[in-house]
K.L.:
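The structure's right below; bear with me while I get my questions together.
Start at 1 with the first residue, then count along the sequence.
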Amino acid sequence: MTDTPIRLLLADDHPVVRAGLRAVLETEPGLTVVAEAATAEDAVARAADGDIDVVLMDLQFGKGMGGAEATAAITARTGAPRVLIVTTYDSDADTLPAIEAGATGYLLKDAPPEELAAAVRTAAAGRTTLAPTVAERLMNRLRAPGSALTPRETEVLTLVAEGLSNQAIGGRLHLTEGTVKSHLARIYAKLGVDSRTAAVATATTLGFIRR
């Protein structure tokens with residue numbers, strides 16, 4: 001009697017990436033790709049059909065819903081499949097929302113094939129696999145919580161990096177301009193800087209926001 005295979009859904013907007021993941025995973029015993037999704041919305045809908053054990057989810061899908069939002073929608077359901085993030089991004093601005101959304105694991109796309117297969121099996125068993133850079137950053141946050149940016153501060157600084165004014169950031173995040181200034185003051189203090197440019201540069205170097 002053979003073990004029941006682990007059934008996979010590949011969610012990525014790049015056909016080449018999906019094909020690459022399929023090629024790697026279908027050579028592994030006990031793993032079978034049963035569906036693919038090119039949008040996060042399609043992934044959420046397909047994951048609800050009840051025949052998926054693990055969703056391999058990218059974070060960026062161009063327009064529409066993102067991977068973290070899709071992860072939250074998938075994992076909110078009873079009996080939901082596990083979600084393993086497979087992406088190129090490892091900044092706090094990417095990892096924290098995905099993990100808070102309920103992702104079981106977080107892997108980078110340059111992971112070796114055997115590591116990817118092991119992470120899928122680990123996720124199917126309900127255990128966590130984290131890319132080494134992600135695990136290290138989470139450990140650093142726990143060791144020095146005072147110097148880590150909160151999710152809201154990360155959001156504010158990401159928009160600063162995009163060139164938005166305090167007023168525009170307030171509009172985007174539904175905050176008053178005064179609240180945005182307060183967040184920036186705390187960000188400056190944590191990073192030991194005194195300007196927007198320096199804050200963005202330092203946070204990027206530390207991996208708090210994406211390059």
Side-chain angles (χ1 to χ4, degrees), residues 6-22 25 33-111 116 119-120 123-124 126 128-131 133-134 137-138 149-164 168-175 207-211:
I6 297 169
R7 301 162 300 176
L8 310 177
L9 165 61
L10 308 180
D12 195 292
D13 60 341
H14 292 101
V16 171
V17 173
R18 295 198 306 274
L21 289 171
R22 181 184 279 272
L25 295 167
V33 177
V34 298
E36 298 184 13
T39 69
E41 289 86 352
D42 285 350
V44 172
R46 186 62 184 81
D49 286 352
D51 62 343
I52 304 293
D53 299 306
V54 179
V55 180
L56 282 77
M57 177 75 72
D58 191 15
L59 283 182
Q60 297 294 314
F61 283 88
K63 293 177 181 174
M65 183 185 283
E69 192 182 345
T71 298
I74 290 169
T75 57
R77 300 189 185 115
T78 306
R82 307 289 180 177
V83 178
L84 174 65
I85 303 295
V86 183
T87 187
T88 52
Y89 307 109
D90 66 349
S91 75
D92 284 7
D94 298 298
T95 56
L96 296 177
I99 291 167
E100 286 169 357
T104 300
Y106 198 110
L107 219 56
L108 299 180
K109 285 180 179 172
D110 61 0
L116 178 64
V120 167
T128 299
T129 299
L130 296 174
T133 53
V134 174
R137 195 151 309 128
L138 289 174
L149 301 183
T150 66
R152 178 60 92 189
E153 288 165 355
T154 301
E155 279 184 311
V156 169
L157 196 52
T158 297
L159 294 177
V160 168
E162 290 177 13
L164 272 65
I169 292 168
R172 182 82 66 88
L173 300 179
H174 309 294
L175 303 172
F208 291 159
I209 62 175
R210 190 186 301 168
R211 291 183 185 281

K.L.:
Has Thr128 got a side-chain atom pairing as donor or acceptor with Gly105's backbone, closer than 3.5 angstrom?
P.N.:
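Checked: no pair found.
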K.L.:
Say you draw a straight line from CG of Asp58 to CZ of Arg18; how long is it, rounded to the nearest 0.5 Å?
P.N.:
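Taking CG in Asp58 and CZ in Arg18, the distance rounds to 10.5 Å.
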K.L.:
How many angstroms lie between CG in Leu56 and CG in Leu116, if you round to the nearest 0.5 Å?
P.N.:
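With rounding to 0.5 Å, CG (Leu56) is 6.0 Å from CG (Leu116).
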K.L.:
So which heavy atom on Tyr89 is nearest to which on Tyr106, and how close?
P.N.:
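Looks like O-OH, 2.6 Å.
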K.L.:
Is any side-chain heavy atom of Asp13 less than 4.5 Å from a side-chain heavy atom of Thr39?
P.N.:
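A side-chain contact is absent here, since even the closest heavy-atom pair is not under 4.5 Å.
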K.L.:
Do Asp92 and Leu138 come within less than 4.5 Å of each other through their side chains, counting heavy atoms only?
P.N.:
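They are not in side-chain contact.
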K.L.:
Under the 3.5 angstrom rule, does the side chain of Asp53 hit a backbone N or O of Arg7 as a donor-acceptor pair?
P.N.:
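Side chain of Asp53 to backbone of Arg7: a pair is present.
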K.L.:
Starting at CG of Leu149, measure out to CZ of Phe208 and round the result to the nearest 0.5 Å.
P.N.:
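These two atoms lie 5.0 Å from each other.
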K.L.:
Val120 versus Leu25: any side-chain heavy-atom pair under 4.5 Å?
P.N.:
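Sidechains of Leu25 and Val120: in contact.
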K.L.:
Is any side-chain heavy atom of Asp42 closer than 4.5 Å to a side-chain heavy atom of Phe61?
P.N.:
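In short, these two side chains do not touch, never coming nearer than 4.5 Å.
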K.L.:
Just verifying a value: how many Å separate Leu10 CG and Ile52 CD1, rounded to the nearest 0.5 Å?
P.N.:
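The distance works out to 9.0 Å.
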K.L.:
Atom CG of Leu108 and atom OG1 of Thr88: how far apart are they, to the nearest 0.5 Å?
P.N.:
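Spacing of CG (Leu108) from OG1 (Thr88) equals 8.0 Å.
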K.L.:
Apply side-chain contact (heavy atoms from CB on, under 4.5 Å) to residues Glu153 and Val156 and explain how you reach the verdict.
P.N.:
CA-CA 5 Å; Glu153 288 165 355; Val156 169; 5.6 Å; no
K.L.:
To check you understand the geometry: which heavy-atom pair defines the closest contact between Ala11 and Ala43, and what is its length?
P.N.:
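It is CB-CB, 3.7 Å.
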K.L.:
Could you list the donor-acceptor pairs under 3.5 angstrom formed between side-chain atoms of residues 72-85 and any protein atom two or more places apart in sequence or on another chain?
P.N.:
from	atom 1	to	atom 2	distance (Å)
Thr75	OG1	Thr71	O	2.8
Thr75	OG1	Ala101	O	2.9
Arg77	NH1	Val44	O	3.1
Arg77	NH2	Val44	O	3.3

K.L.:
Could you check Lys109, Gln60, Glu36 and say which one makes a side chain to side chain contact (heavy atoms under 4.5 Å, CB included) with Asp12?
P.N.:
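Among Lys109, Gln60, Glu36, the one meeting side chain to side chain contact (heavy atoms under 4.5 Å, CB included) with Asp12 is Lys109.
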K.L.:
Distance check, rounded to the nearest 0.5 Å: Thr95 atom OG1 versus Glu100 atom CD?
P.N.:
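Answer for the OG1-CD pair, Thr95 versus Glu100, is 9.0 Å.
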K.L.:
With Glu155 as reference, evaluate Ile169, Leu173, Val160 under the side chain to side chain contact (heavy atoms under 4.5 Å, CB included) test and give the passing residue.
P.N.:
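Per the side chain to side chain contact (heavy atoms under 4.5 Å, CB included) rule, the option paired with Glu155 is Leu173, out of Ile169, Leu173, Val160.
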K.L.:
Restricting to non-hydrogen atoms, name the atom on Ala40 and the atom on Gly66 that form the minimum distance, rounded to 0.1 Å.
P.N.:
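Result for this residue pair: CB-O, 3.8 Å.
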K.L.:
What are the two closest heavy atoms between Leu9 and Ala47, and how far apart are they?
P.N.:
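That closest heavy-atom pairing would be CD2-N, 4.0 Å.
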K.L.:
Would you say the side-chain atoms of Asp90 and Thr133 include a donor-acceptor pair closer than 3.5 Å?
P.N.:
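Note: Asp90 and Thr133 side chains meet the donor-acceptor criterion.
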